[in-house]
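Here is the structure we will look at, set down as structure tokens.
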Amino acid sequence: MKINNVFSIAGMTLVLIIMAAGPVLGQANSNKGVIHLGGSFNQPFVDDADSGFFGLDIFAGKMVTNNLCLGIRSGYDIVSYQSYSNGIIKQLGIIPFQIRAKYYHSFSLMLQTYGSLGAGVFRTQNQLGGLEVGSVKSAANCPGGSISIGLDYWFLLTTGVGFELEYNLFKVPDGGDMFSYLSARVTYCKIGF
């Protein structure tokens, strides 16, 4: 009972500190560059997929207005991974190349949320041993897009951390089906002048 009270008081204190400290610090605004470096966990929504796995991503953009950021995103997302006892690894990796737009809403000078849309090409990189995941059988360039929501917390004026949920969807060529996966991403954010 006392432990719950301690956690409740600590949580409320943290929220009050974040809200009160906002006017002192900064965030991305017009004509500044923004870079997000992230690590993600990816889970596919297709047949024959094994366990989801990790990935690395980068987004680099320019703030067009105080709310709108345009940029590019790339990375390497492993969406299906299986390791067998005989040392064989079965995996499907995806390399996204996207043009992306982010629209920010500020709660304070330290805390921002955003919605994002991206479009581009998803390059599949597989090590599947002749099997398929969804309808992906081989390496291919697949047109597609993504939609995401995120939250950035800025501290030390130009540095921040963030969290993002992103839904990715692309069409597998040669009569393949749609392939989709969800990425939960933690990011390190940096503002450039």
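Below, each value reflects all heavy atoms present in this structure, side chains not excepted, and no hydrogens, waters or symmetry copies. Computed from a prediction, not measured in an experiment: that's the story for all the values here.
- Distance CD/Gln112 to CG/Asn66: 9.5 Å, rounded to 0.5 Å.
- Of all heavy-atom pairs spanning Ser183 and Asn42, the tightest one is OG-OD1, 2.6 Å.
- Under a 4.5 Å side-chain heavy-atom cut-off, the cluster of Ile, Leu, Val, Met, Phe, Trp and Tyr residues that includes Ile72 has no other member.
- Asn67 meets the side chain to side chain contact (heavy atoms under 4.5 Å, CB included) test with Thr65, Tyr103; sequence neighbours excluded.
- Cluster note: Val186 groups with Ile149, Phe163, Leu165 through ILVMFWY side-chain heavy atoms spaced under 4.5 Å, whether in direct contact or through intervening members.
- Leu151 and Val161 fall within a single hydrophobic cluster, where Ile, Leu, Val, Met, Phe, Trp and Tyr are joined by side-chain heavy atoms under 4.5 Å apart, directly or via other members.
- Remark: Pro173 engages Ala140, Cys142 in a side chain to side chain contact (heavy atoms under 4.5 Å, CB included) (not counting sequence neighbours).
- Evaluation of the salt bridge (charged side-chain N to carboxylate O under 4.0 Å, His left out) test over residues 111-121, restricted to residues two or more places apart or in two chains, returns none.
- You'll find the side chain of Pro96 stays beyond 4.5 Å of the side chain of Asn168, heavy atoms only.
- Going from atom CZ of Phe45 over to atom CD of Gln43 covers 6.5 Å, rounded to the nearest 0.5 Å.
- Qualifying ring pair (Phe, Tyr, Trp, His ring centres under 6.0 Å) partners for Phe122, counting only residues two or more places apart in sequence or in other chains: Phe170.
- Taking the side chain as every heavy atom from C-beta outward, Ile191 and Trp154 approach each other to under 4.5 Å.
- Contact detail for Asp57 and Ser40: the closest heavy-atom pair is OD2-OG, 3.3 Å.
- Minimum heavy-atom separation, Cys69 to Tyr104: CB-CE1, 3.9 Å.
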Query raised in the report: Checking side chain to side chain contact (heavy atoms under 4.5 Å, CB included) for the pair Tyr181/Leu92: CA distance, chi angles, key distance, verdict?
Result: CA-CA 12 Å; Tyr181 67 98; Leu92 173 62; over 6 Å; no

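- For Tyr188, there are no ring pair (Phe, Tyr, Trp, His ring centres under 6.0 Å) partners at least two apart in sequence or on another chain.
- Residues passing the side chain to side chain contact (heavy atoms under 4.5 Å, CB included) test with Leu56: none are found, sequence neighbours excluded.
- Note on residues 91-105: pairs passing salt bridge (charged side-chain N to carboxylate O under 4.0 Å, His left out), not counting sequence neighbours, are Arg100-Glu164, Arg100-Glu166.
- Judged by distance alone, the side chain of Thr159 and the main-chain N or O of Lys190 form no donor-acceptor pair under 3.5 Å.
- Annotation: the span from Met63 atom CE to Lys32 atom NZ amounts to 9.5 Å, rounded to 0.5 Å.
- In terms of the salt bridge (charged side-chain N to carboxylate O under 4.0 Å, His left out) criterion, Arg123 has no residue partners (sequence neighbours excluded).
- In this structure, CG on Leu117 lies 8.0 Å from OG on Ser148, to the nearest 0.5 angstrom.
- With rounding to the nearest 0.5 angstrom, the CG atom of Leu182 is 11.5 Å from the OG atom of Ser146.
- Put simply, CD1 on Ile35 and OG1 on Thr187 are 12.0 Å apart, with the number rounded to the nearest 0.5 Å.
- Applying the ring pair (Phe, Tyr, Trp, His ring centres under 6.0 Å) test to Phe54 and every residue at least two apart in sequence or in another chain returns Phe41.
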Report task. Under the side chain to side chain contact (heavy atoms under 4.5 Å, CB included) rule, what do Ser116 and Phe59 come out as? Steps first, then yes or no, please. Result -> CA-CA 12 Å; Ser116 175; Phe59 170 81; over 6 Å; no

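- When the side chains of ILVMFWY residues are joined at heavy-atom separations under 4.5 Å, either directly or via intervening members, Phe155 and Leu111 end up in a single hydrophobic cluster.
- The salt bridge (charged side-chain N to carboxylate O under 4.0 Å, His left out) analysis of residues 141-162, with sequence neighbours excluded, yields no pairs.
- Distance alone, capped at 3.5 Å, is enough to place a donor-acceptor pair between the Ser108 side chain and the Met110 backbone.
- Around CD1 of Ile99, the count of heavy atoms belonging to other residues, nucleotides or ligands within 6.0 Å does not exceed 12.
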